[in-house]
Amino acid sequence: MRINRSGTSMNNSTETGTPLKRTDYCGELRAAHEGREVVLCGWVHKTRDMGHIVFVDLRDREGLAQVVFQSDRPELAEEAKRLRNEFVVGVRGRVRRRSAVNKDIPTGEVEVEAFELRVFAASKVPPFVVADPPQASEELRLKYRYLDLRRPKMQRHIRLRHEASLAVRNYMSRNGFFEIETPILANPTPEGARDYLVPSRIYKGRFYALPQSPQQFKQTLMISGFDRYFQIVRCFRDEDLRADRQPEFTQIDIETSFIDREEFFTLNEGLMEALFALAGGKVERPFRRLPYAEAMEKYGSDKPDLRVPLEMRDLTAVGGESSSEILKATIAGGGELKCLLVPGAGALSRGQLDKLGDKAKALGAKGLVWIKKQDGWKSSLKMADADFEMIWAALGGADTDLALLVADKRDTALKALGEIRRAWPMEDAARKDRLEFCWVTDFPLFEWNKEEKRFVSMHHPFTSPHEDDLGLLETEPDKVRAKAYDLVLNGVEVGGGSIRIHDMDLQRRVFKSLGLTDKETEEKFGYFLEALSFGAPPHGGIAFGFDRLVMLLAGEESIREVIPFPKTTSALDLMTNSPSAVTERQLEELGLKLRG
RNA sequence: GGGGUCGUAGUUCAGCUGGUUAGAACGCCGGCCUGUCACGCCGGAGGUCGCGAGUUCGAGUCUCGUCGGCCCCGCCA
């Protein structure tokens, strides 16, 4: 029987006619299987042809097993010699102990002595070798994703994803939550991200939108009395991509009624504990609570990485009393002086300090001032020794420390030093492996949008304002705090949510503050406002980025590593070539016409 | 929308200030080998240097454009 690499299927080599029915997964064979006759099915991972003896590593989703073809069955050995990588085969044989154990693989104590071989399918030479780590660009991996997914690591990731979704469903169900589906064809929304639009054939000129999240539906479910809802659900946002952002992504969406914030946090902390148990991670509870204002002031970020043991300090008062004209002028002009004290970093070279300065400038700061106390004061800023003494005393710095200062507009200074803080190398490996969760709370309800020249919701328009700030809604909207919270893990925003508005009148006031006209409000949210008037329970919820969570569980730095078929950063699917053109007829049916 | 970076055998890369025949490793093909597991040894094939213009006596190398990968800013309620 000829074996070729055309990719077409071939006949069975031994022509026994009996079907080869798999008895075991390759990766599950152990010493306990010794003596058993087994049938394995899988892909040829590698062959080692020694002349009169041929070794074949056979791979399936559970792992590798070594199959041996010996010369006492010459015909079989001849067949085995023609096997090539990625052929799909079935093997009948007997499990026996190896003469030399391979400690690198779990099945390394045993091997299978083959007495029947069937080639189910040949394979062309693959464009890259299916092995870890991949010796292929991400571009090639994405084009041949079906081959990339055969790699043991990708198989582990996809399995981990399954286990994570199972853990979520078990945990939520155990806590009384129902998984309830919501529409994928929904309404476009005036707020938030760009929508993916779906034209309606029946109503020409009208569009569905793919949901950015099931927000209104899940709140509606609360009004319907379902009380505890969750869903592992696909969401769509037509915005630019990143390592942690895909146009379609998966959320763990949760909503509850009649529960206060603390109870809700506890529930979610338990969910995180259940998830990270999958990776053997230890989760310390309760999680730290960090008001937004404090997070910005200390870490220059609303998603601080708390593994980095550095905090920022405000030195505006001290800087104002210094003799430095630059500092005094900046502060007099409404700027602030922020400082990051880095213990033990006084030995940093001039070149390293310049690089930090470049980084600060790239983030919009006018410059970075560094101060160290080694053989007298050294600094990028000329000041009197008394000024240095004053700053050092305010910081409580040691002789070996390094102080990094930015005097600028408050936001700019915090952002620049916050970014330097975030990127500070973690020499301590144990610290790097820690799981530093924190709840960032009390976000502002609104933020100013420069392009649209109006306030927009920082979270979303259904977020409840803090009751103490209700009076500011119309007068000083930027001062209103929201009952919104994010869950942050090691500098990654893994989830965000809020206590919702359940009062129709308050909801109307918020829409008004956002600059929505009565007409827009009625059109887009009319049904929802009416629903709120039929007895809406107090409720709130959260949505977690499932891809990001699985990414962190897998120890990866891109969600593409845990999504079976991801898109590139320019939103292409390199395997299917989507998106693609449609026929004129399709457009016509939808009442659409392409513009030149 | 903007910035950075990369694109050279099937793959990962090297290729100096522009200069004769574009290299290595892995993979692939053929041969040898009875205990390999990064098998080994011998031999071989394999290139539109992403694509298109331009500069030049001469372009993988320089310039511009374009397509694509990755990273970042904006954006992402």
Side-chain angles (χ1 to χ4, degrees), chain A residues 5 45-58 64-72 74 77 81-82 84-86 96-105 107-108 111 113 124-131 133-144 147 189-195 211-213 215-216 235-247 249 359 362-364 415 419 423 443-447 449-452 455-463 482 484 493 496-498 510-511 514 516 543 545 557-558 560 567-572 574 577:
Chain A
R5 304 198 80 154
H45 186 66
K46 186 155 221 176
T47 60
R48 289 177 295 279
D49 180 355
M50 315 302 292
H52 287 280
I53 184 167
V54 180
F55 298 96
V56 174
D57 290 339
L58 200 59
L64 293 177
Q66 175 165 281
V67 180
V68 192
F69 296 88
Q70 279 165 304
S71 53
D72 54 356
K81 278 176 190 296
R82 297 204 197 98
R84 294 295 178 265
N85 285 357
E86 304 312 318
R96 67 184 186 198
R97 284 182 176 273
R98 293 198 197 185
S99 49
V101 170
N102 181 351
K103 292 192 200 71
D104 296 334
I105 55 174
T107 61
E111 64 189 6
E113 176 193 5
K124 294 204 292 183
V125 177
F128 55 90
V129 179
V130 177
Q135 226 196 329
S137 66
E138 190 165 1
E139 190 173 1
L140 201 68
R141 289 175 53 205
L142 289 172
K143 180 172 178 188
Y144 296 95
L147 297 179
T189 47
E191 298 287 302
R194 214 174 279 124
D195 286 317
Q212 298 175 29
S213 85
Q215 187 60 37
Q216 286 166 76
C235 301
F236 306 86
R237 294 177 190 175
D238 188 4
E239 296 292 347
D240 288 342
L241 287 74
R242 288 284 194 285
D244 61 355
R245 269 163 40 187
Q246 285 272 307
F249 61 100
K359 188 171 213 165
L363 290 160
K415 189 178 168 194
E419 186 53 28
F443 279 82
L445 187 65
F446 303 119
E447 61 185 341
N449 183 301
K450 274 175 280 181
E451 271 122 60
E452 297 181 46
F455 283 104
V456 298
S457 296
M458 192 152 179
H459 186 53
H460 59 53
F462 313 105
T463 300
E493 181 197 327
S498 62
V510 168
F511 283 142
L514 288 167
L516 291 181
E557 297 197 338
S558 164
R560 290 188 299 269
K567 307 235 180 331
T568 67
T569 51
S570 50
L572 296 172
L574 296 180
N577 279 322

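FYI, side chains are in, hydrogens and waters are out, and symmetry mates aren't considered; it's all heavy atoms of this structure. By convention in this document, chain letters (A, B, ...) are assigned in the order of the sequence lines, proteins followed by strands, and residues within each chain are numbered from 1.
Scored by the salt bridge (Lys or Arg N to Asp or Glu O under 4.0 Å) test, A:Arg560 finds A:Glu138 as partners (sequence neighbours excluded). Listed by chain and residue number, A:Glu248 satisfy the salt bridge (Lys or Arg N to Asp or Glu O under 4.0 Å) test with A:Lys567 (two or more places apart in sequence, or in another chain). Applying the side chain to side chain contact (heavy atoms under 4.5 Å, CB included) rule to A:Pro74 yields no partners; only residues at least two apart in sequence or on another chain are considered. In this view, A:Phe443 and A:Tyr292 satisfy the ring-ring contact (aromatic ring centres under 6.0 Å, His included) rule, not counting sequence neighbours. With sequence neighbours excluded, no residue forms a ring-ring contact (aromatic ring centres under 6.0 Å, His included) with A:His45. Not counting sequence neighbours, the partners of A:Val68 by the side chain to side chain contact (heavy atoms under 4.5 Å, CB included) test are A:Ile53, A:Phe55, A:Gln66, A:Gln70, A:Arg96, A:Glu111. Qualifying side chain to side chain contact (heavy atoms under 4.5 Å, CB included) partners for A:Pro461, counting only residues two or more places apart in sequence or in other chains: A:Glu191, A:Ser457, A:Phe511, A:Leu514. Shown here are the ring-ring contact (aromatic ring centres under 6.0 Å, His included) partners of A:Tyr144, two or more places apart in sequence or in another chain: there are none.
The separation of B:C16 from B:G54, taken at their C1' atoms, amounts to 25 Å, rounded to a whole angstrom. With P as the reference atom, B:G52 and B:G15 are 25 Å apart, rounded to whole Å. As rounded to the nearest Å, B:C70 and B:G60 have C1' atoms that lie 22 Å from one another. Nucleotides B:G69 and B:C51, compared at atom C1', are 15 Å apart to the nearest Å. B:C49 and B:G10: their P atoms are spaced 12 Å apart (whole Å). A distance of about 35 Å separates the C1' atoms of B:G74 and B:U8, rounded to the whole Å. The same atom, C1', is picked in B:U12 and in B:U21; the two are 24 Å apart, to the nearest Å. Taking atom P in both B:U34 and B:G23, the straight-line distance is 37 Å, to the nearest Å.
Pairing partner, B:C33: none, since no Watson-Crick or wobble contact has both distances short of 3.5 Å. Summarising the base pairing, B:A24 is matched to B:U12 through a Watson-Crick or G-U wobble pair whose two defining distances lie under 3.5 Å. Base pairing of B:G7 is made with B:C67, judged by Watson-Crick or G-U wobble geometry with both donor-acceptor distances under 3.5 Å. Checking B:G46 for Watson-Crick or G-U wobble geometry (two distances, each under 3.5 Å) identifies no partner in any strand. A 3.5 Å limit on both hydrogen-bonding distances identifies B:G54 as the Watson-Crick or G-U partner of B:C62.
Side-chain atoms of A:Asn85 stay outside donor-acceptor range of the base of B:G27, with no qualifying N/O pair under 3.5 Å. Judged by distance alone, with hydrogens and angles left aside, A:Arg245 brings a side-chain donor or acceptor within reach of the base of B:C76, the pair sitting under 3.5 Å.
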Legend entry - Protein proximity profile, nucleotides 32-40 of chain B - base contact B, sugar-phosphate-only contact S, no contact -, cut-off 4.0 Å on heavy atoms: -BBBBBSB-
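The pair A:Asp57-A:Arg48 meets the salt-bridge criterion, with a side-chain N (NZ, NE, NH1 or NH2) lying under 4.0 Å from an Asp/Glu carboxylate O.
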Kindly give the atom pairs (protein nitrogen or oxygen, nucleotide nitrogen or oxygen) under 3.5 Å for nucleotides 2-10 of chain B.
{"residue": "B:G10", "atom": "O2'", "partner": "A:Pro127", "partner atom": "O", "Å": "3.2"}

Write out a two-atom table: protein N or O, nucleotide N or O from nucleotides 22-25 of chain B, distance below 3.5 Å.
none

Can you check nucleotides 66-72 of chain B for protein contacts, nitrogen or oxygen pairs under 3.5 Å, and list what you find?
{"residue": "B:G68", "atom": "O2'", "partner": "A:Glu139", "partner atom": "OE2", "Å": "2.6"}
{"residue": "B:G69", "atom": "OP1", "partner": "A:Thr568", "partner atom": "OG1", "Å": "2.5"}
{"residue": "B:G69", "atom": "OP1", "partner": "A:Ser570", "partner atom": "OG", "Å": "2.9"}
{"residue": "B:G69", "atom": "OP2", "partner": "A:Ser570", "partner atom": "OG", "Å": "2.4"}
{"residue": "B:G69", "atom": "O4'", "partner": "A:Glu139", "partner atom": "OE1", "Å": "3.3"}
{"residue": "B:C70", "atom": "OP1", "partner": "A:Thr569", "partner atom": "N", "Å": "3.4"}
{"residue": "B:C70", "atom": "OP2", "partner": "A:Thr569", "partner atom": "N", "Å": "2.8"}
{"residue": "B:C70", "atom": "OP2", "partner": "A:Thr569", "partner atom": "OG1", "Å": "2.4"}
{"residue": "B:C70", "atom": "O3'", "partner": "A:Arg560", "partner atom": "NH2", "Å": "3.0"}
{"residue": "B:C71", "atom": "OP1", "partner": "A:Arg560", "partner atom": "NH2", "Å": "2.8"}
{"residue": "B:C71", "atom": "OP2", "partner": "A:Arg560", "partner atom": "NH1", "Å": "3.4"}

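Here the side chain of A:Thr568 pairs a donor or acceptor atom with the backbone of A:Ser570 at under 3.5 angstrom. Without hydrogens or angle criteria, A:Glu239 side chain to A:Arg194 main chain gives a donor-acceptor distance under 3.5 Å. Remark: side-chain polar atoms of A:Ser213 are paired, donor with acceptor, to backbone N or O of A:Gln215 under 3.5 angstrom. Within the 3.5 Å criterion, the main-chain N or O of A:Gln212 finds no donor-acceptor partner in the side chain of A:Asp195.
To the nearest angstrom, C1' of B:U11 lies 15 Å from NZ of A:Lys124. Between A:Asn449 atom CG and B:G74 atom C1' the separation is 11 Å, expressed in whole Å. With rounding to whole Å, A:Glu419 atom CD is found 10 Å from B:G74 atom P.
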Legend entry - side-chain contact (heavy atoms from CB on, under 4.5 Å) evaluation trace for A:Glu139 with A:Leu574: CA-CA 8 Å; A:Glu139 190 173 1; A:Leu574 296 180; 3.8 Å; yes
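More than 12 heavy atoms of other residues, nucleotides or ligands shown are found within 6.0 angstrom of CD on A:Glu447.
No engagement by A:Gln212 is indicated, since no non-hydrogen atom pair under 4.0 Å with the nucleic acid exists.
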